[in-house]
Amino acid sequence: MGENNNQQLNRMRAATNNSDRNRWRKMGGKNRNVAAFVALIIIALIWYTAAHIVDKPFLFPYLEDVLKEVVYSLTDMYVLRNLGITMRRVLTGSLYAFVIGFPLGMLMGYSPKLLRAISPFMNSLRQVPIMAWVPLAIVWFGIGDGPTIFLIAFSGIFTIILNTIAGVQDISRDFYNAARSMGAKTLGVIKDVVLPGSLPGVMTGLRLAIGMGWMSVI
C-alpha cells in the first residue's frame with residue numbers, strides 16, 4: 001500500500017513539474033510574438049489562395065467572407081448576449097473550482113501526509129473523461145446553468161490543485177527556516193511564506209482552469 005501511495009505521489013509531482021509549465025513558452029524563444037504574427041499572416045495567405053482555387057464556398061469558405069461574418073457577429077446583440085451568458089458560466093465555474101481547489105492544493109502541498117492520503121482519490125477522479133459526467137450532472141442539477149457550471153468547475157479544479165501543489169513545493173526550504181528562526185508560528189509561515197511564494201503556481205493553475213472551462217462550456 002505504501003508503495004502505491006509513493007507511485008501516486010511521484011505521478012502528481014511529475015504532472016506539476018515547474019519546467020512543464022514553462023516548456024511551451026520556451027519553445028518560441030524571445031521572438032515568439034513576432035513568430036506568431038508571421039505564422040498568422042502565412043496561414044491567412046494560404047487560406048485566401050486555397051479558397052479561391054477550390055472556388056466552392058460551401059466546402060471551403062473565403063477568408064474575406066469569414067472575416068465579414070466575424071465583424072457582423074461582434075456587432076449583433078443576440079451574439080453578444082449569448083457570449084455574455086457563456087462568459088458568466090465560465091467565470092462562475094472557474095470561481096467554484098478556485099474556491100475548492102485552492103485550499104486543497106495548499107494543504108496538500110504543505111502537508112506530505114495529506115498529499116499521500118488524498119492523491120489516490122484525486123488521481124482516480126481526474127482520469128474520468130469530462131463527458132462521462134454529463135448524465136450525472138443533468139440528474140443532479142437539472143436543465144439550465146447548473147450542469148454546465150458543474151462541468152466547467154470539475155474540468156478546472158484538478159488543474160488548480162496540481163499547480164497550487166507545485167507552487168507550494170517550489171518554495172525554498174530556506175524561507176521556511178528563516179521565518180521559523182524569527183519566531184513565526186505555523187499560521188505566520190503560511191501567511192508570510194506559503195501564500196506569497198505559491199502565487200506563481202496558483203495564477204498558472206487559474207489561467208489554465210479558465211482555458212479548460214472554455215473547452216468544457218458546450
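Model, not experiment: these values are computed from the prediction.
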- With a 4.5 Å heavy-atom cut-off, do Ile138 and Ile143 have their side chains touching? yes
- Query: Considering all heavy atoms of both residues, which atom of Pro200 and which atom of Pro196 are nearest to each other, and what is their separation?
  - Reply: CD-O, 4.2 Å
- Item | Shortest non-hydrogen separation from Ala51 to Pro61 and the atoms involved | CB-O, 3.7 Å
- Over all heavy atoms of both residues, which pair between Pro147 and Ala137 is shortest? Give the atoms and the distance, please. CG-O, 3.8 Å
- Scanning both residues in full, the closest heavy-atom pair of Gly156 with Ala97 reads C-CB, 4.0 Å
- Item | Ile160 vs Leu206, side chain to side chain contact (heavy atoms under 4.5 Å, CB included): CA-CA, chis, key distance, verdict | CA-CA 6 Å; Ile160 292 176; Leu206 183 59; 4.3 Å; yes
- Task: Return the minimal non-hydrogen interatomic distance between Leu107 and Leu114, and the atom names on each side.
- Result: CB-CD1, 3.9 Å
- Item | Separation of Arg207 CZ from Ser94 OG (nearest 0.5 Å) | 13.0 Å
- Query: Do the non-hydrogen side-chain atoms of Phe141 and Leu151 ever get within less than 4.5 Å of each other?
  - Reply: no
- Message: I need the Ile130 CD1 to Met212 CE distance, nearest 0.5 Å.
- Response: 8.0 Å
- Mind running side chain to side chain contact (heavy atoms under 4.5 Å, CB included) on Arg88 and Ile85 for me, showing each step along the way? CA-CA 5 Å; Arg88 175 175 57 82; Ile85 294 172; 3.8 Å; yes
- Query: How many angstroms lie between atom CD1 of Ile157 and atom CD1 of Ile100, to the nearest 0.5 angstrom?
  - Reply: 4.5 Å
- Query: With Tyr110, which residues qualify under side chain to side chain donor-acceptor pair (under 3.5 Å), at least two apart?
  - Reply: Arg180
- Task: First locate atom CG of Leu83, then atom CE of Met77, and finally report the distance between them rounded to the nearest 0.5 Å.
- Result: 11.0 Å
- Message: Does anything in residues 61-80 form a side-chain hydrogen bond (donor to acceptor under 3.5 Å, both in side chains)? List the pairs, not counting sequence neighbours.
- Response: His52-Glu64, Asp55-Tyr62
- Note on the structure: Applying side chain to side chain donor-acceptor pair (under 3.5 Å) to Asn82 and not counting sequence neighbours gives none
- Is it the case that more than 12 heavy atoms not belonging to Tyr48 sit under 6.0 Å from its OH atom? no
- Message: Tell me whether Val71 shares a hydrophobic cluster with Val66, the cluster being built from Ile, Leu, Val, Met, Phe, Trp, Tyr side chains joined at under 4.5 Å.
- Response: no
- Note on the structure: With sequence neighbours left out, the residues meeting ring-ring contact (aromatic ring centres under 6.0 Å, His included) with Tyr96 are none
- Message: Do Leu136 and Val128 sit in one hydrophobic cluster, given that two such residues count as connected whenever their side-chain heavy atoms are within less than 4.5 Å of each other, even indirectly?
- Response: yes
- Item | Side-chain touch Arg126/Leu162, heavy atoms, less than 4.5 angstrom | yes
- Note on the structure: Residues passing the ring-ring contact (aromatic ring centres under 6.0 Å, His included) test with Phe158, sequence neighbours excluded, are Phe154
- Task: Start with the C-alpha gap between Val54 and Leu59, add the side-chain angles, then the distance that decides, and say whether side chain to side chain contact (heavy atoms under 4.5 Å, CB included) holds.
- Result: CA-CA 9 Å; Val54 174; Leu59 299 176; 5.6 Å; no
- Query: Do you reckon Leu63 sits in the same ILVMFWY cluster as Leu74, going by side-chain contacts under 4.5 Å, direct or chained?
  - Reply: yes
- Message: According to side chain to side chain donor-acceptor pair (under 3.5 Å), who are the partners of Ser155, at least two apart in sequence or on a separate chain?
- Response: Ser216
- Trp214 side chain to Thr86 main-chain N or O, any donor-acceptor pair under 3.5 Å? no
- Item | Backbone N/O of Leu115 and side chain of Ser119: donor-acceptor pair under 3.5 Å | yes
- Message: Between Ile165 and Met203, is there shared hydrophobic-cluster membership here, with clusters defined by ILVMFWY side-chain heavy atoms closer than 4.5 Å?
- Response: no
- Query: Shortest non-hydrogen contact from Ile152 to Gly93?
  - Reply: CG2-CA, 3.9 Å
- Task: Look up atom CE in Met215 and atom CD1 in Ile210, then write down how far apart they are to the nearest 0.5 Å.
- Result: 12.5 Å
- Query: Taking the side chain from Ser198 and the backbone from Leu195, do they hold a donor-acceptor pair closer than 3.5 Å?
  - Reply: yes
- Message: Within this structure, what is the CE-NZ distance for the pair Met108 and Lys113, rounded to the nearest 0.5 Å?
- Response: 15.5 Å
- same_hphob_cluster(Ile41, Ile43) at 4.5 Å side-chain heavy-atom cutoff: no
